[in-house]
Amino acid sequence: MKKPVRVAVTGAAGQIGYSLLFRIASGEMLGKDQPVILQLVEVPFEKPQQALKGVMMELEDCAFPLLAGMEGFDNPQAGFKDADIALLVGARPRGPGMERKDLLLENAKIFTEQGKALNDVASRDVKVLVVGNPANTNAYIAMKSAPDLPAKNFTAMLRLDHNRALSQLAAKSGKPVADIEKLVVWGNHSPTMYPDYRFATVGGASLKDLIGDEAWNRDTFIPKVGKRGAAIIEARGLSSAASAANAAIDHIRDWVLGSNGKWVTMGIPSDGSYGIPEGVIYGFPVVTQNGEYSMVRDLPIDEYSRTMMDKTLAELEEERAGVAHLLG
Ligand SMILES: NC(=O)c1ccc[n+]([C@@H]2O[C@H](COP(=O)([O-])OP(=O)(O)OC[C@H]3O[C@@H](n4cnc5c(N)ncnc54)[C@H](O)[C@@H]3O)[C@@H](O)[C@H]2O)c1
Ligand SMILES: O=C(O)C[C@H](O)C(=O)O
């Protein structure tokens with residue numbers, strides 16, 4: 001039996017938490033032979049703590065063979081102790097009519113505190129995925145608040161955008177999702193993101209040539225993927241949860257177990273590649289192996305793509321400026 005992996009999850013009593021925890025405990029994230037210990041963090045108020053107890057009772061009632069332990073917490077300093085993986089989901093979700101950046105300052109405080117807690121008590125190799133919005137900037141704040149941990153361990157979730165784009169491309173081209181490779185979503189998890197299938201292939205052939213419809217790309221595909229989160233909120237009255245949890249599982253599974261040579265999109269701190277300033281948490285194409293990701297480099301960037309990539313960067317820079325005063 002392998003040594004259990006400690007997985008900390010914030011916002012554990014929320015809607016994403018409810019779609020996420022049972023799949024982690026059943027082995028879908030880290031493998032069917034990997035025991036896990038869940039460290040579940042919620043805010044220190046009666047209602048969410050009570051709800052968390054209920055979720056833990058349900059986890060217990062599943063009798064998952066891989067669930068080697070679980071504990072509920074009301075603060076990150078205790079909840080992140082020795083965590084190998086931290087899924088930072090807890091945040092205030094946006095409602096109808098709000099943009100993700102409206103949540104910036106409210107959530108900045110949360111991620112400063114959580115970054116510090118990771119710095120103080122988590123495993124020195126902790127892999128951090130920020131799901132709570134605005135995800136890229138929250139990840140940046142946590143990273144900056146954790147100076148003793150490697151910056152590369154802080155990532156933001158663009159996998160939902162990647163998966164949304166994959167499904168749209170599969171529907172347009174009539175090809176199975178599983179056959180589409182080399183897709184990337186550049187930039188911020190916001191409507192400025194740039195889903196880019198210029199390099200994508202199906203069975204080795206160019207997907208762009210197969211689709212052959214640049215007007216669809218620019219006028220339908222890109223805005224549809226960018227505004228999908230808002231469309232879900234509009235339809236459900238609540239933000240996406242099961243698909244977000246699914247993307248979080250995909251992100252961590254690939255990071256830990258490898259993407260087998262496939263490109264996936266992760267929000268990672270830039271190393272200055274593609275003209276994105278160092279440290280900005282930006283969606284890049286990566287391949288993953290042996291628990292590490294590496295950026296796919298030297299892709300040609302045409303004029304339209306440059307404009308799109310700069311636009312989403314400008315928004316991230318604006319968000320970064322908006323929280324600079326909190327980062328000391
Ligand atoms: N990156 C993405 O692709 C993506 C996709 C969907 C949702 N989201 C974001 O994920 C976040 C969670 O969404 P949800 O639908 O689960 O929301 P939710 O309101 O159902 O649940 C959030 C939970 O987090 C808890 N929480 C708030 N602050 C916390 C803190 N400081 N520590 C611990 N727990 C805390 C709340 O008590 C609540 O139970 C939102 O910010 C949402 O916008 C991101
Ligand atoms: O759009 C939102 O606020 C929720 C989430 O980020 C999403 O993309 O579904």
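Indexing begins at 1, ligand by ligand and atom by atom, following the structure's order.
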Using a strict cut-off of less than 4.0 Å between a Lys/Arg side-chain nitrogen and an Asp/Glu carboxylate oxygen, indicate whether [X] and [Y] qualify as a salt bridge.
| X | Y | value |
| --- | --- | --- |
| D254 | R159 | yes |
| D302 | R198 | yes |
| D84 | K127 | no |
| K152 | D271 | no |
| E113 | K116 | no |

Can you sort out which atoms of ligand 1 are near [X], meaning under 4.0 Å from one of its heavy atoms?
| X | value |
| --- | --- |
| I110 | 28 (N), 31 (N) |
| V41 | 33 (C), 34 (N) |
| G11 | 23 (C), 24 (O), 25 (C), 33 (C), 34 (N) |
| M157 | 1 (N), 2 (C), 3 (O) |
| S240 | 5 (C), 6 (C), 7 (C) |
| S239 | 15 (O) |
| V89 | 10 (O), 11 (C), 12 (C) |
| Q114 | 30 (C), 31 (N), 32 (N) |

### Query
Going by atom types only, do N138 and N107 share a side-chain donor-acceptor pair under 3.5 Å?
no
### Message
Under a 3.5 Å threshold, yes or no: a donor from one side chain and an acceptor from the other, between R6 and S123?
### Response
no
### Query
Which is closest to atom 4 (C) of ligand 1 by heavy-atom distance: V131, V55, N136?
V131
### Task
Kindly identify the option in L160, V130, I16 whose heavy atom sits closest to atom 13 (O) of ligand 1.
I16
### Message
For the 3.5 Å polar cut-off, considering only N or O atoms, please tell me whether T10 and ligand 1 meet it.
### Response
no
### Query
Do ligand 1 and A244 have nitrogen or oxygen atoms that lie under 3.5 Å from each other?
no
Under 4.0 Å to a heavy atom of [X] - the qualifying atoms of ligand 2, by number:
| X | result |
| --- | --- |
| S240 | 7 (C), 9 (O) |
| H189 | 5 (C), 6 (O), 7 (C), 8 (O) |
| S239 | 4 (C) |

Is the [X] ring parallel, tilted or perpendicular to the [Y] ring (thresholds 30°, 60°)?
| X | Y | answer |
| --- | --- | --- |
| W186 | Y274 | perpendicular |
| Y197 | F221 | perpendicular |
| F284 | Y282 | tilted |

### Task
Report yes or no: does S190 contribute a side-chain atom to a donor-acceptor pair with the main-chain N or O of T192 at less than 3.5 Å?
yes
Taking only non-hydrogen atoms of [X], do any sit less than 4.0 angstrom from ligand 2?
| X | value |
| --- | --- |
| R228 | no |
| I233 | yes |
| R164 | yes |

### Message
Is any side-chain heavy atom of V225 closer than 4.5 Å to one of Q168?
### Response
yes
### Query
ligand 2 versus N133, non-hydrogen atoms closer than 4.0 Å: side chain, backbone, both, neither?
side chain
